[in-house]
Amino acid sequence: MSYVVAPSFTVEPERLDRFLDAAREDATRSLADEPGCLQFDVVVDRDVKPVAVMFYEVYTDRTAFEAHLETPHLAAFRTALNLCVEGPVRFYTRIAP
């Protein structure tokens, strides 16, 4: 079973491109640099204002996610949090592919 993390954000349209650039970099680095990161999707609902953004992150286990929290690329992404409003973060256990 895998560990799934799904944080959500709302972003004003004029800030969206900068926020998504930072999100893409975090996702790319997570997949490239973290063996415990199995999937990192960034999804957007542009039909609502402010724009809704969600990450769908899959890790081998909670320990792999906790290692993600200490990475330089996540620290860099955190600077983009001034571009959005953070919503809830949900945690799941993946039981089927």
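Remark: the backbone N or O of Arg94 is not paired with any side-chain donor or acceptor of Ser2 at under 3.5 angstrom.
For Glu12, the side chain to side chain donor-acceptor pair (under 3.5 Å) criterion is met by no residue, not counting sequence neighbours. Partners of Asp61 under the side chain to side chain donor-acceptor pair (under 3.5 Å) rule, at least two apart in sequence or in another chain, do not exist in this structure.
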Go through the steps to decide whether Val4 and Tyr56 satisfy the test side-chain contact (heavy atoms from CB on, under 4.5 Å), and finish with yes or no. CA-CA 7 Å; Val4 176; Tyr56 182 81; 3.5 Å; yes
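The hydrophobic cluster containing Leu83 also includes Tyr3, Val5, Phe9, Val11, Leu16, Phe19, Leu20, Leu31, Phe40, Val42, Val44, Val51, Val53, Phe55, Tyr59, Phe65, Leu69, Leu74, Phe77, Leu81, Val89, Phe91, under a criterion of side-chain heavy atoms closer than 4.5 Å among ILVMFWY residues, counted directly or through chains of members.
Interatomic distance, Met54 CE to Asp41 CG, rounded to the nearest 0.5 Å: 8.5 Å.
A salt bridge is absent between Arg18 and Asp21; no separation between the charged side-chain nitrogens and carboxylate oxygens falls under 4.0 Å.
Heavy-atom minimum distance, Cys37 versus Ser30: CB-O, 3.6 Å. Nearest approach of Ala22 to Ala80, heavy atoms of both residues: CB-CB, 3.5 Å.
Just one residue in the list Glu34, Glu25, Arg78 forms a side-chain hydrogen bond (donor to acceptor under 3.5 Å, both in side chains) with His73, and that residue is Glu34.
Within 6.0 Å of CZ on Arg90 lie no more than 12 heavy atoms contributed by other residues, nucleotides or ligands.
Taking the side chain as every heavy atom from C-beta outward, Glu57 and Pro7 approach each other to under 4.5 Å.
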